[in-house]
Amino acid sequence: MSELKNDRLLRALLREPVDLTPVWMMRQAGRYLPEYRATRQKAGDFLSLCKNPELACEVTLQPLERYPLDAAILFSDILTIPDAMGLGLYFGEGEGPRFERPLRARADVDALGALDPEDDLGYVMDAVRVIRRELDGRVPLIGFSGSPWTLATYMVEGGSTKNFARSKGMMFDQPAVMHALLAKLADAVVAYLNAQVAAGAQALMIFDTWGGVLTPHDYAEFSLAYMRRIVEGLTREAEGRRVPVILFTKGGAQWLDRMADSGCDALGVDWTISLADARRLVQDKVALQGNMDPCLLYASPERIRLEVARILESHGSGVGHVFNLGHGIHPDIDPERPAAMIDAVHELSAPYHR
């Protein structure tokens, strides 16, 4: 594997000194880029794009050709695991992901087999290998997975949901069934992420998109406990250096102190808390990643620059900040706007690292 030319991201995630605050964007490879839309059209549809390692590599690298980002993130989808477990993932025209065979009873959960990542999700590992080769050490590659709770909501609901009726219903009324599902998913995520590291991923992120819909008690029992279990099972050393692990619970600002005790290296932070408050909550135990509201990218470059300055000041001096959005970039953003954000981060962050 090529030697890493820009390791800012890895150093920041491990709270080591850097010259500038590193920056990348959740969903940085996506529909806001015309070149992505062209490649997706060439693939035929979203799932075909995910399952073609060469095209997945192409779209992973597209934002790096356009912007001076400090990381690449594997182009894939969090629902690859349930798809590989036999639930039949598909995307209806104009709607979100759906499953042909959702989980509705204990027998459905018991029927789920163990996951063999190289066998069942070999196209993801092939994509990781191709991307690492093509990156040639330019920046590190982030691998990722959905959290067990987030994956479970899709698997039980059969797709996207607004009120989580079936998944919360199972959690409240049949907790043993939900725990059985979450345990299987935690084991699958460990195997999946470790396979990504073996294939070349240099940092890992767990997306707990729906942890924030839970009560504090239920979050601890049904989401955080399983992310902690995953962190304990992950490969943390590869290619002679540590593999940092980022946990991100959207809407989970009030639990950052608990998340910081999970054994992870960094926490993703959304825009519902300032980085100053987040830093106080975690007591500098972990790095922080975030936390600009993605809607700020609808604003003028001047306003974006002001917000970047404010967020950098909120975190303050010292180690352990990765600049990012508080969630994924929206598909109708003008591609010039992220350029303003990224340039501002690199231009304005040096004084915080002296």
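For reference, positions follow the sequence shown, starting with 1.
Shown here is Glu100, whose CD atom has more than 12 heavy atoms of other residues, nucleotides or ligands within 6.0 Å. Heavy-atom neighbours of Lys162 NZ from other residues, nucleotides or ligands within 6.0 Å: at or below the threshold of 12. For Arg166, the CZ atom is loosely surrounded, since the number of other residues' heavy atoms within 6.0 Å does not exceed 12. Atom CZ of Arg31 sits in a sparse spot, with 12 or fewer heavy atoms from other residues, nucleotides or ligands closer than 6.0 Å.
Within the structure, salt bridge (charged side-chain N to carboxylate O under 4.0 Å, His left out) pairs that include any residue of residues 68-77 comprise Arg8-Asp70 (at least two apart or interchain). Legend: salt bridge (charged side-chain N to carboxylate O under 4.0 Å, His left out) pairs involving residues 321-339, not counting sequence neighbours, sorted by first then second residue: Asp334-Arg337. Sorted by first and then second residue, the ring-ring contact (aromatic ring centres under 6.0 Å, His included) pairs with a member in residues 275-296 form an empty list; sequence neighbours excluded. Note on residues 177-202: pairs passing ring-ring contact (aromatic ring centres under 6.0 Å, His included), not counting sequence neighbours, are His179-Phe222, His179-Tyr226. For residues 288-298, the set of pairs meeting the salt bridge (charged side-chain N to carboxylate O under 4.0 Å, His left out) definition, not counting sequence neighbours, is empty. Screening residues 309-327 for salt bridge (charged side-chain N to carboxylate O under 4.0 Å, His left out) gives Glu307-Arg310 as the qualifying pairs, with residues at least two apart or on separate chains.
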Take Phe75 and Tyr36, measure what ring pair (Phe, Tyr, Trp, His ring centres under 6.0 Å) needs, and give me the verdict at the end.
CA-CA 11 Å; Phe75 180 80; Tyr36 168 87; 5.7 Å; yes
List the steps and the verdict of side-chain contact (heavy atoms from CB on, under 4.5 Å) for Phe323 and Met292.
CA-CA 8 Å; Phe323 200 100; Met292 195 166 95; 4.2 Å; yes
Trace of the side-chain contact (heavy atoms from CB on, under 4.5 Å) decision for Met341 with Val23
CA-CA 9 Å; Met341 179 191 81; Val23 55; 4.0 Å; yes
Go through it in stages, so that I can follow the logic: the residues are Leu256 and Ile273, the test is side-chain contact (heavy atoms from CB on, under 4.5 Å), and I'd like the CA-CA distance, side-chain angles, deciding distance and then a yes or no.
CA-CA 10 Å; Leu256 290 173; Ile273 185 172; 4.2 Å; yes
Between Phe248 and Ile206, is a side-chain contact (heavy atoms from CB on, under 4.5 Å) present by the stated rule, with each step listed?
CA-CA 6 Å; Phe248 174 56; Ile206 299 169; over 6 Å; no
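Heavy atoms only, all atoms of each residue included: Val243 and Thr235 are closest at CB-O, 3.9 Å. Considering every non-hydrogen atom in both Pro301 and Ala340, the closest pair reads CB-CB, 3.9 Å.
When the options Asn324, Ile246, Val282 are evaluated for a side chain to side chain contact (heavy atoms under 4.5 Å, CB included) with Leu288, the one that passes is Val282. Considering Arg11, Arg15, Arg236 as possible partners of Asp265, the one that fulfils the salt bridge (charged side-chain N to carboxylate O under 4.0 Å, His left out) test is Arg236. Applying side chain to side chain contact (heavy atoms under 4.5 Å, CB included) to Leu247 and the options Met259, Gln289, Met205, Arg228 leaves one that passes, Met259.
For Lys184 (side chain) and Val109 (main-chain N/O), a donor-acceptor pair under 3.5 Å exists by modelled atom type. Side-chain atoms of Thr249 never come within 3.5 Å of backbone atoms of Gly252 as a donor-acceptor pair (strictly under, hydrogens ignored). With hydrogens and angles disregarded, no donor-acceptor distance shorter than 3.5 Å links the side chain of Ser48 to the backbone of Gly44. A donor-acceptor contact shorter than 3.5 Å links the side chain of Ser314 to the backbone of Leu275. Although no hydrogens or angles enter the test, the distance criterion places a donor-acceptor pair under 3.5 Å between the side chain of Asp120 and the main chain of Asp116. With hydrogens and angles disregarded, a donor-acceptor distance shorter than 3.5 Å links the side chain of Asp108 to the backbone of Ala105. At least one donor-acceptor pair under 3.5 Å links the side chain of Arg132 to the backbone N or O of Gly200. When atom types are taken as modelled, the side chain of Ser262 and the backbone of Arg258 share no donor-acceptor pair closer than 3.5 angstrom. No donor-acceptor pair closer than 3.5 Å links the side chain of Arg229 to the backbone N or O of Leu224. Counting only distance, with no hydrogens or angles, the side chain of Gln196 and the backbone of Ala201 share no donor-acceptor pair below 3.5 Å.
Connection of Ile78 to Tyr90 is not established within any shared hydrophobic cluster, with ILVMFWY side chains joined at heavy-atom distances below 4.5 Å, either directly or through further cluster members. Ile311 and Val18 sit in two unconnected hydrophobic clusters of ILVMFWY residues. Membership requires side-chain heavy atoms under 4.5 Å apart, directly or through other members. Both Met155 and Phe164 are assigned to one and the same hydrophobic cluster, defined by single-linkage of ILVMFWY side chains at heavy-atom distances under 4.5 Å. Leu312 and Val322 fall within the same hydrophobic cluster, defined by Ile, Leu, Val, Met, Phe, Trp and Tyr side-chain heavy atoms under 4.5 Å apart, directly or through other members. Two different hydrophobic clusters hold Val319 and Leu20 under the rule that ILVMFWY side chains link at heavy-atom gaps under 4.5 Å.
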Just list the side-chain donor-acceptor pairs under 3.5 Å for residues 137-149, sequence neighbours left out, or say none.
| from | atom 1 | to | atom 2 | distance (Å) |
| --- | --- | --- | --- | --- |
| Arg138 | NH2 | Glu65 | OE2 | 3.0 |
| Ser147 | OG | Thr150 | N | 3.2 |
| Ser147 | OG | Thr150 | OG1 | 3.1 |
| Ser147 | OG | Asp208 | OD1 | 2.6 |
| Trp149 | NE1 | Trp210 | O | 3.1 |

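A distance of 11.0 Å separates CE of Met227 from CG of Leu182, quoted to the nearest 0.5 Å. Here Ile333 contributes atom CD1 and Leu297 contributes atom CG; the two are 5.0 Å apart, rounded to the nearest 0.5 Å. The CD atom of Glu118 sits 12.5 Å away from the OH atom of Tyr123 when rounded to the nearest 0.5 Å. Here the CE-CG distance, from Met171 to Leu181, works out to 13.0 Å after rounding to the nearest 0.5 Å.
With sequence neighbours left out, Arg101 forms a salt bridge (charged side-chain N to carboxylate O under 4.0 Å, His left out) with no residue at all. Partners of Tyr352 according to the ring pair (Phe, Tyr, Trp, His ring centres under 6.0 Å) rule, which considers only residues two or more places apart in sequence or in another chain, do not exist here. With sequence neighbours left out, the side chain to side chain contact (heavy atoms under 4.5 Å, CB included) criterion links Ala38 to no other residue. Under the rule for a side chain to side chain contact (heavy atoms under 4.5 Å, CB included), the partners of Gln283 that lie at least two apart in sequence or sit in another chain are Lys285. Scanning for ring pair (Phe, Tyr, Trp, His ring centres under 6.0 Å) contacts around Tyr219 gives Trp255, with sequence neighbours left out.
Using the six-membered ring where Trp is involved, His330 and Tyr298 have ring planes that are parallel, under 30° apart on the 30 and 60° scheme.
Checked by atom type, the side-chain pair Asp83/Thr80 shows no donor-acceptor distance below 3.5 Å.
Salt bridge annotation for Arg98-Glu157: absent, with no cationic side-chain nitrogen under 4.0 angstrom from a carboxylate oxygen.
Using a 4.5 Å heavy-atom cutoff, the side chains of Leu61 and Glu134 are in contact.
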